[in-house]
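Some notes on the structure that comes next.
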Amino acid sequence: MRRLQYATAIVGLGALVFTGSAQACSCVPLRSGEAMQRADAAISGWLLEVVPQNRLLAVYRYRVRRVYKSGNGIRRGQIVSVRGARSAAACGLPRQTGRRYGLLLSWQRGAWTSGLCALLRRQKCAS
């Protein structure tokens with residue numbers, strides 16, 4: 001009986017490990033004002049490079065174009081390094097260099113962090 005319980009537990013844990021990596025990113029919708037309030041900083045900037053750190057994480061380097069909410073002295077023209085997941089399936093940031101992105105940033109463990117769910121999108125305005 002005990003062997004059956006151990007075998008069931010091992011199979012169950014193995015299934016969790018493999019399905020966790022296959023899940024797609026999903027974001028909890030927040031009103032833009034609430035999201036901005038929760039963020040430690042908000043910027044738009046040009047993605048300069050993506051530097052892989054390991055199999056799961058990367059550092060995204062942006063040249064700040066505009067500061068919407070300043071945090072830790074972020075200024076226009078500064079290069080900011082942002083930690084995030086490498087994969088879009090794990091809510092990683094877009095990887096296309098030379099493009100401008102708007103980001104909500106969090107300050108965690110001495111570094112800026114962000115993810116796909118923290119992208120700022122332009123609103124289309126009716127004229």
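Only heavy atoms go into these numbers, but all of them, side chains included; no hydrogens, no water, no symmetry mates.
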Got a second to check how far R95's CZ is from R86's CZ, nearest 0.5 Å?
6.0 Å
In terms of heavy-atom contacts, R63 and I79 come closest through NH2-CD1, 3.5 Å
Kindly compute the distance separating OG (S114) from OH (Y62), expressed to the nearest 0.5 Å.
7.0 Å
Is any side-chain heavy atom of L47 less than 4.5 Å from a side-chain heavy atom of R61?
no
Heavy-atom closest pair, residues I74 and Q78
CA-OE1, 3.2 Å
Between Y68 and S44, is there a side-chain heavy-atom distance shorter than 4.5 Å?
yes
List, one per line, each side-chain donor-acceptor pair under 3.5 Å for residues 104-112, sequence neighbours excluded.
none

L116 side chain reached by L93 side chain, heavy atoms, under 4.5 Å
no
Group every Ile, Leu, Val, Met, Phe, Trp and Tyr by side-chain heavy-atom contacts under 4.5 Å, then state whether V82 and V64 land in the same group.
yes
For atom CZ of R66, is the number of surrounding heavy atoms from other residues, nucleotides or ligands below 6.0 Å larger than 12?
no
Working to the nearest 0.5 Å, report the span between NZ of K69 and CD1 of I43.
13.5 Å
Do L119 and L48 belong to the same hydrophobic cluster, where Ile, Leu, Val, Met, Phe, Trp and Tyr are linked whenever their side-chain heavy atoms lie under 4.5 Å apart, directly or via other members?
no
Begin from the C-alpha positions of C117 and C27 and carry the test disulfide bond (SG atoms under 2.5 Å apart) through to its verdict.
CA-CA 5 Å; C117 298; C27 303; 1.9 Å; yes
Report yes if the side chains of L120 and L103 come closer than 4.5 Å at any heavy-atom pair, otherwise no.
no
To the nearest 0.5 angstrom, please state how far the OH atom of Y60 sits from the CZ atom of R83.
13.5 Å
To the closest 0.5 Å, what do you measure between CZ (R99) and CH2 (W46)?
9.0 Å
R65 to R76 - nearest heavy-atom pair and separation:
O-NE, 3.0 Å
Restricting to non-hydrogen atoms, name the atom on S26 and the atom on C91 that form the minimum distance, rounded to 0.1 Å.
N-SG, 4.1 Å
